[in-house]
Amino acid sequence: MNRRDLLQRAILAAGSASALRCITASNTRARVLRSGVRVERDRIIRTVVGLRPYRRSGFVVRAEKLGDKLLIHNYGHGGCGVTLSWGTAHLALDLAFGWPGRRAAIIGSGAVGLATARLFQDHGFAVTIYAKSLPPETTSNIAGALWLPVTLVDHEHRAALKDQLERATRFAWRIYQNLLGDRYGVRFIDVDFLSDDRDPTLPREMDPAADLLPFPPLRDSPFPTRFARRMHTMLIEPAIYLPAVLADFRLAEGRVVVQAFENKDALLQLEESLIVNCTGLGARDLFGDEALEPIKGQLLVLMPQPEIDYATIGPGDLYMFARRDGIVLGGTHEENVWTLDVNEEEAERVLTGHQRLFAGTSLQFNR
Ligand SMILES: Cc1cc2nc3c(=O)[nH]c(=O)nc-3n(C[C@H](O)[C@H](O)[C@H](O)COP(=O)(O)OP(=O)(O)OC[C@H]3O[C@@H](n4cnc5c(N)ncnc54)[C@H](O)[C@@H]3O)c2cc1C
């Protein structure tokens with residue numbers, strides 16, 4: 001009996017005859033045994049759309065005087081606001097230390113606002129969050145959300161952002177490791193980078209994190225692509241993580257006020273003398289930052305498959321993240337598109353691309 005037969009028997013004997021699909025390298029003995037994603041049209045449970053708050057020169061963390069108040073900006077995180085949130089919150093906190101007041105108003109309640117609010121609380125500030133919408137009605141709830149500092153800054157601006165980005169990246173990497181586990185919905189996961197045309201390299205934006213995320217070739221890849229590399233990073237489940245951080249904030253006596261601000265002058269009415277702007281794409285209208293532009297992204301979410309415990313990136317811009325609330329299929333980036341309508345053509349491309357990826361391997365499917 002060969003190894004594949006043994007593994008199959010072991011699975012059946014263990015009674016895991018429920019939906020289990022195993023990927024094996026085609027035309028060979030079973031080198032890798034993995035559950036495969038069931039990319040079937042009737043398994044789609046929702047399609048969601050969000051606008052990444054992108055600035056070609058990267059995020060903004062800086063302080064300015066607004067009347068007699070100190071205004072600290074912390075926005076413009078593009079496609080990695082969940083990833084970097086704790087890191088840029090740390091940069092924002094550094095800018096607040098010289099200020100005499102110990103009461104802070106955080107504007108915004110997405111991943112960036114919540115991390116900033118918690119960090120300020122941990123450093124002795126009494127904090128109120130003011131936000132137009134709270135989770136689950138934020139862009140951060142739409143995020144994938146894999147821990148990867150990408151889709152953040154155009155190549156020619158990377159050097160200017162380097163120091164801040166490096167500090168933010170390392171700090172965020174460290175803080176998320178304190179949040180691993182079911183309570184916050186954060187876990188480490190294998191991510192297979194797949195490509196047909198060339199050996200994948202780390203996106204250059206990830207240079208500051210390159211030593212954190214080793215990237216060796218994947219031997220015995222079960223996927224039908226020519227090249228595969230694997231890294232380990234963290235996956236954050238927004239539907240668990242964001243409410244958990246908001247609950248921590250309230251437990252630490254944080255106040256939440258639902259309020260939309262029309263312009264800067266409205267902020268001057270706040271009682272707090274220290275204000276942190278974490279409004280994401282909202283900063284464009286609120287502060288007239290026309291460098292902020294949306295990159296629209298949409299995700300198809302399939303029925304959860306608890307047996308899947310990995311993610312894939314590629315080929316092309318496709319990606320699959322196995323989350324508890326569903327199998328997330330993504331890979332759309334529409335620059336400067338403001339609508340939240342589903343792009344049906346893109347949805348079809350993402351679905352059929354993943355069908356090819358998971359059908360191209362030799363799949364064994366036991367019900
Ligand atoms: C399809 C998709 C996939 C993504 N995948 C990932 C990923 O894998 N990893 C990752 O790290 N990131 C990912 N992102 C990016 C991530 O979602 C964003 O970078 C992140 O959500 C930005 O967070 P934020 O807190 O700045 O903004 P938001 O989540 O948009 O929060 C902004 C807050 O400010 C409030 N606000 C705005 N304007 C005003 C106003 N005038 N007055 C009062 N309140 C206001 C809003 O109500 C909200 O509470 C993805 C995004 C999309 C769309």
Side-chain angles (χ1 to χ4, degrees), residues 47-55 58-61 73-89 92 105-117 129-152 168-169 172 176 186 189 191 233-238 241-242 245-246 256-264 266-267 270 275-287 289 292 294-301 311 313 317 319-321 323 328-334 337 340 342-343 346 350:
T47 304
V48 294
V49 179
L51 304 179
R52 302 173 180 93
Y54 190 75
R55 294 179 83 258
F59 60 70
V60 177
V61 179
H73 294 285
N74 182 10
Y75 70 92
H77 295 68
C80 58
V82 181
T83 301
L84 289 183
S85 53
W86 290 96
T88 61
I106 308 292
I107 318 298
S109 183
V112 175
L114 289 173
T116 306
I129 290 178
Y130 299 87
K132 189 163 62 180
S133 11
L134 305 176
E137 303 299 331
T138 70
T139 304
S140 301
N141 287 85
I142 305 296
L146 199 65
W147 195 96
L148 277 188
V150 292
T151 323
L152 174 70
T169 301
Y176 269 115
V186 180
I189 189 167
V191 186
T233 187
M234 285 174 276
L235 181 67
I236 298 125
E237 305 252 355
Y241 167 78
L242 295 167
V245 179
L246 186 53
V256 178
V257 177
V258 175
Q259 181 174 345
F261 297 91
E262 289 299 313
N263 49 43
K264 268 190 190 183
L267 294 173
L270 290 173
I275 300 172
V276 192
N277 162 29
C278 305
T279 53
L281 199 56
R284 184 182 163 107
D285 286 345
L286 194 51
F287 297 98
D289 182 351
L292 252 181
I295 300 184
K296 177 184 171 187
Q298 75 186 23
L299 304 174
L300 290 182
V301 186
I313 295 187
D317 54 8
Y319 58 82
M320 183 285 294
F321 303 158
R323 289 199 330 220
V328 170
L329 304 182
T332 77
H333 295 79
E334 296 178 73
V337 174
L340 289 175
V342 172
N343 180 330
E346 283 291 83
V350 167

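In this text, all values refer to a predicted model and were calculated from it rather than measured experimentally. Excluded from the calculations below are hydrogen atoms, water molecules and symmetry mates; all remaining heavy atoms, backbone and side chain alike, are included. We count ligands from 1, going down the list as the structure has it; atoms in each ligand are counted the same way.
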Next item on the list: Report yes if L146 has an N/O atom closer than 3.5 Å to an N/O atom of ligand 1; otherwise report no.
Entry: yes
Next item on the list: Go through the steps for Y176 and T233 under the test side-chain contact (heavy atoms from CB on, under 4.5 Å), then give the verdict.
Entry: CA-CA 11 Å; Y176 269 115; T233 187; over 6 Å; no
Next item on the list: Write out the residue and atom name of the closest protein heavy atom to atom 29 (O) of ligand 1, then the distance separating them to 0.1 Å.
Entry: S140 OG, 2.5 Å
Item checked: Minimum-distance pair of heavy atoms, taken over all atoms of S140 and P238 -> O-CB, 3.6 Å
Next item on the list: Please report the C-alpha distance between D289 and H73 in whole Å, then the side-chain angles of each, then the deciding distance to 0.1 Å, and finally whether the side-chain contact (heavy atoms from CB on, under 4.5 Å) criterion is met.
Entry: CA-CA 11 Å; D289 182 351; H73 294 285; over 6 Å; no
Next item on the list: Report yes if some N/O of V82 lies less than 3.5 Å from some N/O of ligand 1; otherwise report no.
Entry: yes
Next item on the list: Take every heavy atom of G330, measure it against each atom of ligand 1, and state whether any distance is under 4.0 Å.
Entry: no
Next item on the list: Report the relative orientation of the aromatic rings in F59 and H77; use parallel for angles under 30°, tilted for 30 to 60°, perpendicular for over 60°.
Entry: parallel
Checklist line | Heteroatom proximity flag, Y130 to ligand 1, N/O under 3.5 Å | finding: no
Check: Who gets closest to atom 38 (N) of ligand 1 by heavy atom: G297, G282, A131?
Finding: G282
Check: side-chain contact (heavy atoms from CB on, under 4.5 Å) between N277 and L267: does it pass, once the steps are laid out?
Finding: CA-CA 10 Å; N277 162 29; L267 294 173; over 6 Å; no
Next item on the list: Identify the protein heavy atom lying closest to atom 41 (N) of ligand 1, giving its residue, its atom name and the separation to 0.1 Å.
Entry: F261 O, 2.9 Å
Check: Run the side-chain contact (heavy atoms from CB on, under 4.5 Å) check on S109 and V256 step by step: do they pass?
Finding: CA-CA 9 Å; S109 183; V256 178; 5.9 Å; no
Check: What protein heavy atom is closest to atom 44 (N) of ligand 1, reported as residue, atom name and distance in Å?
Finding: K132 N, 3.0 Å
Next item on the list: Output the list of atoms in ligand 1 that are nearer than 4.0 Å to some heavy atom of A111, sorted by atom number.
Entry: 25 (O)
Next item on the list: Output the list of atoms in ligand 1 that are nearer than 4.0 Å to some heavy atom of A260, sorted by atom number.
Entry: 42 (N), 43 (C)
Next item on the list: Pull out every atom of ligand 1 sitting under 4.0 Å from any heavy atom of G280, numbered as shown with elements.
Entry: 26 (O), 27 (O)
Check: atom 35 (C) of ligand 1: which of S85, G108, G110, P149 has the nearest heavy atom?
Finding: G108
Next item on the list: Please determine if P53 has a nitrogen or oxygen closer than 3.5 Å to a nitrogen or oxygen of ligand 1.
Entry: no
Notebook entry, point to check: Is G78 in polar range of ligand 1, meaning some N or O pair under 3.5 Å apart?
Noted result: yes
Notebook entry, point to check: In ligand 1, which numbered atoms sit nearer than 4.0 Å to a non-hydrogen atom of G50?
Noted result: 53 (C)
Margin query: So, regarding S133 and ligand 1 (criterion: nitrogen or oxygen to nitrogen or oxygen, under 3.5 Å), is there a contact or not?
Written below: yes
Next item on the list: Give the numbers and elements of all ligand 1 atoms closer than 4.0 Å to a heavy atom of G79.
Entry: 6 (C), 7 (C), 9 (N), 10 (C), 11 (O), 12 (N), 13 (C), 14 (N), 15 (C)
Check: If you take all heavy atoms of A172 and G87, which pair is closest and at what distance?
Finding: CB-N, 3.7 Å
Item checked: Heavy-atom proximity to atom 33 (C) of ligand 1, best of A266, G76, S109 -> S109
Check: What residue and heavy atom of the protein are closest to atom 2 (C) of ligand 1, and at what distance?
Finding: R52 NH2, 3.8 Å
Margin query: Holding to side-chain contact (heavy atoms from CB on, under 4.5 Å), I want the full list of residues that pass it with A266, two or more places apart in sequence or in another chain.
Written below: F261, N263
Note to self: On a heavy-atom basis, I'd like to know which of P294, G81, A311, A143 is closest to atom 14 (N) of ligand 1.
What the structure shows: A143
Item checked: Listed partners of P149 passing side-chain contact (heavy atoms from CB on, under 4.5 Å), at least two apart -> T83, L84, W147, T169, M206, A209
Checklist line | Q259 touching ligand 1 at heavy-atom level, < 4.0 angstrom | finding: yes
Next item on the list: Under 4.0 Å from a heavy atom of Y319: give me the atoms of ligand 1 that qualify, with their elements.
Entry: 3 (C)
Item checked: Contact atoms of ligand 1, heavy-atom distance to G144 under 4.0 Å -> 3 (C), 4 (C), 5 (N), 6 (C), 7 (C), 8 (O)
Check: Heavy-atom contact under 4.0 Å between Y75 and ligand 1?
Finding: no
Next item on the list: Considering the heavy atoms of C278, write down every atom of ligand 1 situated less than 4.0 Å from one of them.
Entry: 32 (C), 33 (C), 34 (O)
Check: Would you call L281 a ligand 1 contact, heavy-atom distance under 4.0 Å?
Finding: no
